[in-house]
2 protein chains.
Amino acid sequence: MKRTIYTIASELGLSPGTISKVINRTGNVSEETRERVLAHIKEVGYVPVTSARMLKSKRSYTIGVVFSEDLHIGLEHPFFSSILQHFKNYVENEGYELSFIVSKLGNNRMSYYEWCMNKKVDGVYIVVGDYGDEGLYELAKKHIPCVSTDILIPGIHSIISDNIMGIQVSLDHLYHTNRLKSVGLIAGPQQSKAFFERYEAFKAYHAEHQLPIRPEHVVFAESFGFTSGYQAALKLIENPLPEGLLVGSDDIALGVLKAFKDKGIRIPQDIQIIGYDDIAFAKHFTPALTTVKQDRELIATTAAKKLLQLINNPNIKVEEVIRIPVELVLRDTTR
Amino acid sequence: MKRTIYTIASELGLSPGTISKVINRTGNVSEETRERVLAHIKEVGYVPVTSARMLKSKRSYTIGVVFSEDLHIGLEHPFFSSILQHFKNYVENEGYELSFIVSKLGNNRMSYYEWCMNKKVDGVYIVVGDYGDEGLYELAKKHIPCVSTDILIPGIHSIISDNIMGIQVSLDHLYHTNRLKSVGLIAGPQQSKAFFERYEAFKAYHAEHQLPIRPEHVVFAESFGFTSGYQAALKLIENPLPEGLLVGSDDIALGVLKAFKDKGIRIPQDIQIIGYDDIAFAKHFTPALTTVKQDRELIATTAAKKLLQLINNPNIKVEEVIRIPVELVLRDTTR
DNA sequence: CTGTTAGCGCGTTCAT
DNA sequence: ATGAACGCGCTAACAG
């Protein structure tokens, strides 16, 4: 049987308004009727129709997810999909659902903001965003609760791994512990804030410790993924190699490893390598990749908590960037 | 400025009803006014509020996605996430959005069907489902447009890779082309229809060609993923190995490869291996994995087309199982 | 061909 | 503490 607050009201000899009040914990209802209603609702399995609530109340208990496709990172990406999964778990547990924000829907084009208004989402989570994307800045200006991970937009709260720490720990290990003389970098595409920060941290470390950086030891991968890493490694090989190498992300690093293997360069004998992310596959590869582990679950849940907090206290104005500490995981590509 | 059909109607000196008609391509509107309205709508960036449409029309232009977590396959899974991505692309292009069906939302529990009613989704796509999940069968009984991939539920249209063909091609290659004497199988968990079918096909092939199967040459992986494959391989190694080996899926196969490598078993000299799926990583692994390539994009778009067709013609009653042909990709784990 | 109007199911005053 | 009634923005049926 199809139920509305009307039917269940009449079943209980009450009025629709009262039912609404107990559902939304609003207004005054006697403890007794409250429990009676709750019990009945649970028994018959009544659930309020979302669209009607949304229409009336301007809330949706839905969080819009920006997963930009411009960067050609798909749901397949091991890092972002994992973060999204953890985020999803957390917010669902708190009663929120996820809905992908899409700007091109059939023939309609709308900005993220328009989409949010239209869908009345309670908040927005930017998992994958492109700095070239105007829509993100528009979102930041409007007062809609919004968090991002891995990308830094002025006006938006961000949770991002401590890239400076990651690079520092890596370089300390290579220069100090393992006493290498030179360390190169295969940097990821610089549109990504994370990659950008890692590159900056790399330079800053060398400046601070008065260590030289040979220009031919720094190569930029064209894009994300294995193939970009492979290409970048080929380019690096054109010149004498450094003794150690940092790579912007694991998926790129695996391509680098493969290229070296194909070219007969031994790891870690000829060159020691450290990746970034600790994707699931890093430890399964041969040789197993030494890498900077990002706590994806912590990043995701921190983002989720922050967003829910923002949703419930829209008066928080101070933008915040939360850094999540990282950890160096030693495996077979370093000594 | 906030707009509704009323405001734009008055801006154009028309009535709300007319606006609605042109938006929904329903009823009779003169070509002239139609274009006038469309132009104005585009100019001011008006988009109908979804919740109001839904409330009234029983449609949502949303497709519910079942991505069961019981199987511990997350968004991270390379095969399923890829399929979902392709599906998403296709339906978004047709004007539909995706929303994850979640059965446990905060304190509320509802069945898939209840959720669908509540959200008024136009159809359901089952990407990852568990045969033990009652909710799936309930869904099949009700008349809600529904398709699945990789899982076969009576009453639900399915798009599934041609597993019989995949196994046949693999075994032909090993037994016939490469003249092996014995081929084993590391089967995936049998709750998955795909894995079940591959196992059945494996047996059927041997029966048909009057080839023996040694029981110790068949091992069942406990679960999905690299680690399960590694474990299964260890178990296989306890007895004399077959000359060839089929593995239920690539992610499992990569674990198998690693185990063999660790145990000093050479591939393909000591044993030839064929995986299943052709995940992105298969060709990057060393040795590159020979595998049965599933056309993930074709599977996904076929599913999407089928579902949209079902949504638009609810009178189609005949359940259909569409088999998507596969292709053997020869790489370095076979000769 | 265009306009009018009655709900869709719910949340929220304002009375009682 | 409970109820009545209005309206959120839209669609569809009907009237003109």
Side-chain angles (χ1 to χ4, degrees), chain A residues 1-38 40-41 44-62 108 110 114-122, chain B residues 1-38 40-41 44-62 108 110 114-122:
Chain A
M1 170 189 172
K2 171 87 177 150
R3 290 172 207 272
T4 71
I5 41 172
Y6 284 88
T7 63
I8 83 131
S10 77
E11 283 166 20
L12 259 46
L14 290 167
S15 81
T18 310
I19 311 300
S20 175
K21 281 169 200 155
V22 352
I23 291 174
N24 299 289
R25 302 180 196 71
T26 152
N28 285 334
V29 183
S30 73
E31 186 60 19
E32 191 198 328
T33 43
R34 212 180 69 83
E35 286 182 3
R36 206 157 61 91
V37 172
L38 251 21
H40 186 70
I41 280 180
V44 302
Y46 165 77
V47 183
V49 168
T50 326
S51 41
R53 304 187 85 165
M54 284 169 63
L55 181 56
K56 189 65 196 174
S57 68
K58 270 79 187 145
R59 290 203 59 175
S60 61
Y61 292 94
T62 298
N108 287 339
M110 43 181 156
E114 285 169 347
W115 189 93
C116 290
M117 289 299 91
N118 174 35
K119 282 297 180 63
K120 292 173 177 156
V121 291
D122 297 342
Chain B
M1 169 189 174
K2 171 89 177 148
R3 289 170 207 274
T4 72
I5 41 172
Y6 285 89
T7 64
I8 83 131
S10 77
E11 282 164 22
L12 260 43
L14 290 169
S15 80
T18 308
I19 311 301
S20 176
K21 280 170 201 153
V22 351
I23 290 174
N24 299 289
R25 303 179 195 71
T26 154
N28 286 335
V29 183
S30 74
E31 187 60 19
E32 191 198 327
T33 44
R34 211 181 68 84
E35 286 182 2
R36 205 156 62 91
V37 172
L38 252 21
H40 186 70
I41 281 180
V44 301
Y46 165 78
V47 184
V49 169
T50 326
S51 40
R53 307 185 83 167
M54 284 169 61
L55 181 55
K56 184 64 194 177
S57 68
K58 270 81 187 140
R59 291 202 60 174
S60 61
Y61 292 93
T62 297
N108 287 338
M110 43 182 156
E114 284 168 347
W115 189 92
C116 291
M117 290 298 92
N118 175 37
K119 282 295 178 64
K120 292 174 177 157
V121 292
D122 297 343

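None of these values were measured; they are calculated from a predicted model. Throughout, a chain's letter reflects where its sequence line sits, starting with A, and its residues are numbered from 1. Computation of the quantities below employed the complete heavy-atom set of this structure, encompassing side-chain atoms and omitting hydrogens, waters and symmetry-equivalent molecules.
Within 3.5 Å, no donor on the side chain of K56(B) pairs with an acceptor on the base of dG9(D), nor the reverse. Scanning atom types as modelled, no donor and acceptor separated by under 3.5 angstrom connect the side chain of K120(B) and the base of dG9(C).
OP1 or OP2 of dT2(C) lies within a sub-4.0 Å distance of a side-chain N or O belonging to T33(B).
The separation between E35(B) atom CD and dT2(C) atom P is 13 Å, rounded to whole Å. One interatomic measurement links the two molecules: CG of N24(A) to C1' of dG9(C), which rounds to 13 Å at whole-angstrom precision. Atom pair E32(B):CD and dC1(C):P shows a separation of 11 Å (rounding to whole Å applied). One interatomic measurement links the two molecules: CD1 of I19(A) to P of dG11(C), which rounds to 11 Å at whole-angstrom precision. Atom CD1 of I8(B) is separated from atom P of dG3(C) by 12 Å (rounded to the nearest Å). To the nearest angstrom, P of dG3(D) lies 14 Å from CG of N28(A). The distance between atom CG of L14(A) and atom P of dT16(C), rounded to the nearest whole Å, is 20 Å. Atom OH of Y46(B) and atom P of dG9(D) are 10 Å apart (whole Å).
Distance alone, capped at 3.5 Å, is enough to place a donor-acceptor pair between the N24(A) side chain and the S20(A) backbone.
The side chain of S57(A) approaches dG11(C) more closely than any other nucleotide in the set dT11(D), dT2(C), dG11(C). Nearest to the side-chain atoms of R53(A) among the listed nucleotides dA13(D), dG9(C), dG11(C) stands dG11(C). Across dG9(D), dC14(D), dG9(C), the shortest atom-to-atom separation from the side chain of A52(A) is found for dG9(C). Proximity note for S15(B) (side chain, C-beta onward) versus dC10(D), dG3(C), dC1(C): the nearest is dG3(C).
Contact of the R3(A) side chain with the V44(A) side chain is registered, since non-hydrogen atoms from C-beta on lie closer than 4.5 Å. Considering only heavy atoms from C-beta on, V37(B) stays 4.5 Å or farther from K21(B) through its side chain.
Closest-nucleotide positions on DNA chain C for G17(B) and T18(A) were compared, and the one nearer the 5' end corresponds to G17(B). Ranked by how close their nearest DNA chain D nucleotide is to the 5' end, I23(B) and R34(A) are led by R34(A). Comparing Y6(B) and S20(A) along DNA chain C, the residue whose closest nucleotide (by nearest heavy atom) sits nearer the 5' end is Y6(B).
Here S51(A) lies out of heavy-atom contact (under 4.0 Å) with every strand.
What you find for T50(B) and S60(B) is that their closest heavy atoms are CG2-O, 4.5 Å.
Counting non-hydrogen atoms of neighbouring residues, nucleotides and ligands closer than 6.0 angstrom, the CD atom of E32(B) reaches no more than 12 such neighbours.
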